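Reading through the structure tokens given below for one structure.
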Amino acid sequence: MKALVYQGPGKLAFVDKPNPLIKTATDAIVKITKTTICGTDLHILKGDVPTATDGRILGHEGVGVIEQVGGNVSNFSVGDRVLISCISSCGKCTNCKKGMYSHCENGGGWVLGNTIDGTQAEYVRVPFADNSLYPIPAGADEEALVMLSDILPTGFECGVLNGQVKPGDSVAIVGGGPIGLAALLTAQFYSPAEIIVVDVDDNRLEVAKRLGATKTINNSDGKAVEKMMALTGNKGVDVAIEAVGIPSSFDICQAIVAAGGHIANIGVHGKPVQLNLDKLWAHNITLTTRLVDTVTTPMLLRTVMSGKVQPKQLITHHFALKNIVQAYSTFGNAMRERALKVIVTND
Ligand SMILES: [Zn+2]
Ligand SMILES: [Zn+2]
């Protein structure tokens, strides 16, 4: 089969690889129909993720059709159309029983396109298929569902749920990429009074306004904090969602959180960040971190099926699988290409 392979920092190739085989009775082999590229894949490409080694097929998002199932898979059969979760989980260990699938103790968690071969290929082996795949309802728009593999549950669980967004709250989302926009879409379940999105890209800020941001701040001048304080009568925001993963964006969140507020980190940080406890110790704040568990996927799937949330609005580009290297260069130059999510189709 053909697959997109990481070959060490800065190097990718679209090459021939052997088709995946069932290794464990709980595995399924899925023929990919649609996949996408994540900001996390770009982190791997930069060499930021040491667990992803040379030769790894990348990708942890996608939809497809079951090609083969192991003897212990009971929820799925050959021919079923499925959504692949970015998190694989046994569903049986102590952490899985707590709903913390991202820390599955039996070898699950974020493994696809990281420690095992991923979805940017014609076929993928999905471990713990019963708990890591979701049936696609009849009539679903499969491109929209690709947004449910990772970005929608990540924005919702790590940003909105951990940030405890409530009706009437003021919410700031620092970072208007796909994850920040997914937090923007799902924060609206709770009717916050204000959602202010911060980015340096006017195109992304325009998209944010279309998707429900009440205000936007372009931080190219580095003055996001002053502007945010001016917009909030110097109080700051009830919930500051960090959706970038660099020290300066976390610093904005620390500076703008109101007394009693929440900082919900989503970003993948590659460097330490200074926590300003000298200011925050008496500020009654809550700081949360999380790797997405994808426990909310069934609920999010229902909201997408009902049209309540329309993640398809995040799709800006389409490519055939054979052109996936070009898809990477488009997604890697997101600002110039005005790219949010790219859909890669395996015909
Ligand atoms: Zn992802
Ligand atoms: Zn587990």
Side-chain angles (χ1 to χ4, degrees), residues 6 23-28 30 38-41 43-44 48-53 56-62 70 72-73 75 82-119 124-134 147-165 178-179 182-183 186 241-245 250 253 262-273 275 286-301:
Y6 170 64
K23 273 194 184 164
T24 309
T26 48
D27 290 347
V30 177
C38 181
T40 308
D41 298 321
H43 275 291
I44 294 175
D48 287 348
V49 184
T51 45
T53 48
R56 178 69 62 238
I57 299 174
L58 297 183
H60 50 264
E61 296 162 82
N72 287 349
V73 173
N75 295 351
V82 288
L83 163 68
I84 301 168
S85 173
C86 65
I87 299 293
S88 309
S89 56
C90 77
K92 293 178 176 167
C93 69
T94 312
N95 283 345
C96 281
K97 290 283 192 196
K98 286 190 219 165
M100 203 162 59
Y101 295 161
S102 62
H103 293 272
C104 172
E105 293 155 274
N106 284 327
W110 174 42
V111 293
L112 280 180
N114 177 14
T115 56
I116 67 170
D117 284 335
T119 56
V124 64
R125 178 180 72 89
V126 177
F128 307 118
D130 276 341
N131 211 53
S132 311
L133 296 173
Y134 296 90
M147 308 300 117
L148 279 167
S149 288
D150 176 354
I151 65 165
L152 228 51
T154 297
F156 182 60
E157 293 176 13
C158 309
V160 176
L161 286 186
N162 273 14
Q164 294 186 20
V165 175
I179 294 279
T186 54
I241 295 176
E242 200 286 341
V244 184
F250 188 83
C253 293
H262 286 74
I263 299 174
N265 184 81
I266 312 180
V268 178
H269 288 266
K271 287 199 186 110
V273 170
L275 181 62
T286 305
L287 166 64
T288 55
T289 71
R290 186 171 184 176
L291 175 57
V292 65
D293 292 297
T294 66
V295 278
T296 61
T297 302
M299 180 282 280
L300 291 168
L301 183 60

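Numbers for residues simply follow the sequence, beginning at 1. As the structure is a computational prediction, the values presented were derived from the model and not from experiment. Side-chain atoms are counted along with the backbone in the values below, which use heavy atoms only and exclude waters and symmetry mates.
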>> Using side-chain heavy atoms (C-beta onward) and a distance below 4.5 Å, is Leu148 in contact with Leu301?
In response: yes
> Residues in salt bridge (Lys or Arg N to Asp or Glu O under 4.0 Å) with Glu242, at least two apart?
Replying inline: none
> Does anything in residues 88-100 pair up under side-chain hydrogen bond (donor to acceptor under 3.5 Å, both in side chains), and if so which pairs, sequence neighbours excluded?
Replying inline: Ser89-Asn131
> What is the distance from atom OG1 of Thr24 to atom CZ of Arg125, rounded to the nearest 0.5 Å?
Replying inline: 6.0 Å
>> Could you measure the distance from the CD1 atom of Ile151 to the SG atom of Cys86? Nearest 0.5 Å is fine.
In response: 10.5 Å
> Which residues pass the ring-ring contact (aromatic ring centres under 6.0 Å, His included) test with His60, sequence neighbours left out?
Replying inline: Trp110
> Would a 4.5 Å heavy-atom cut-off, applied to side chains only, mark Val292 and Ser102 as touching?
Replying inline: no
> Nearest 0.5 Å, what's the OG1-CG distance between Thr296 and Leu152?
Replying inline: 8.0 Å
> So, does Glu157 use its side chain to make a donor-acceptor pair with the main chain of Asn162 at under 3.5 Å?
Replying inline: no
> Would Ser85 and Thr294 count as having a side-chain donor-acceptor pair, cut-off 3.5 Å?
Replying inline: yes
> For Phe156, what residues pass the ring-ring contact (aromatic ring centres under 6.0 Å, His included) criterion, not counting sequence neighbours?
Replying inline: Phe189
> Distance from Ile57 atom CD1 to Thr119 atom OG1, nearest 0.5 Å?
Replying inline: 9.5 Å
> Closest heavy-atom contact between Ala183 and Val160?
Replying inline: O-CG2, 3.5 Å
> Which pair of heavy atoms, one from Asn106 and one from Cys93, lies closest together, and at what distance?
Replying inline: ND2-CB, 3.8 Å
> Do Val73 and Asp27 come close enough that some side-chain heavy atom pair is under 4.5 Å?
Replying inline: no
> Quick one: CG on Leu291 to OG1 on Thr154, what's the gap to the nearest 0.5 Å?
Replying inline: 7.5 Å
> What pair of heavy atoms forms the shortest contact from Cys96 to Cys90, and how long is it?
Replying inline: SG-N, 3.8 Å
>> Just to verify, what does Asp130 make a salt bridge (Lys or Arg N to Asp or Glu O under 4.0 Å) with, not counting sequence neighbours?
In response: none
> Are any of the side-chain heavy atoms of Ile266 and Ile241 separated by less than 4.5 Å?
Replying inline: yes
> So do the side chains of Val124 and Val126 get within less than 4.5 Å of each other, counting heavy atoms only?
Replying inline: yes
>> Taking salt bridge (charged side-chain N to carboxylate O under 4.0 Å, His left out) as the cut-off, I'd like each qualifying pair that reaches into residues 103-113, sequence neighbours left out, listed once.
In response: none
> In Å, rounded to the nearest 0.5 Å, how long is the span from SG of Cys253 to CG of Leu287?
Replying inline: 9.5 Å
> Under a 4.5 Å cut-off applied to non-hydrogen side-chain atoms, are Pro127 and Thr26 in contact?
Replying inline: no
> So do Ile84 and Glu61 actually touch side chain to side chain, heavy atoms under 4.5 Å?
Replying inline: no
> Under the 3.5 angstrom rule, does the side chain of Arg56 hit a backbone N or O of Asn114 as a donor-acceptor pair?
Replying inline: yes
>> Testing the basics here: between Gly109 and Cys104, what is the closest heavy-atom pair and its distance to 0.1 Å?
In response: N-CB, 3.9 Å
>> Looking at every non-hydrogen atom in both residues, tell me the closest pair between Pro153 and Met147 and how far apart they are.
In response: CD-O, 4.1 Å
> Can you name the closest pair of heavy atoms from Ala129 and Ala28 and give their distance?
Replying inline: CB-CB, 3.5 Å
> Hey, does Thr288 have a side-chain heavy atom less than 4.5 Å from the side chain of Asn265?
Replying inline: no
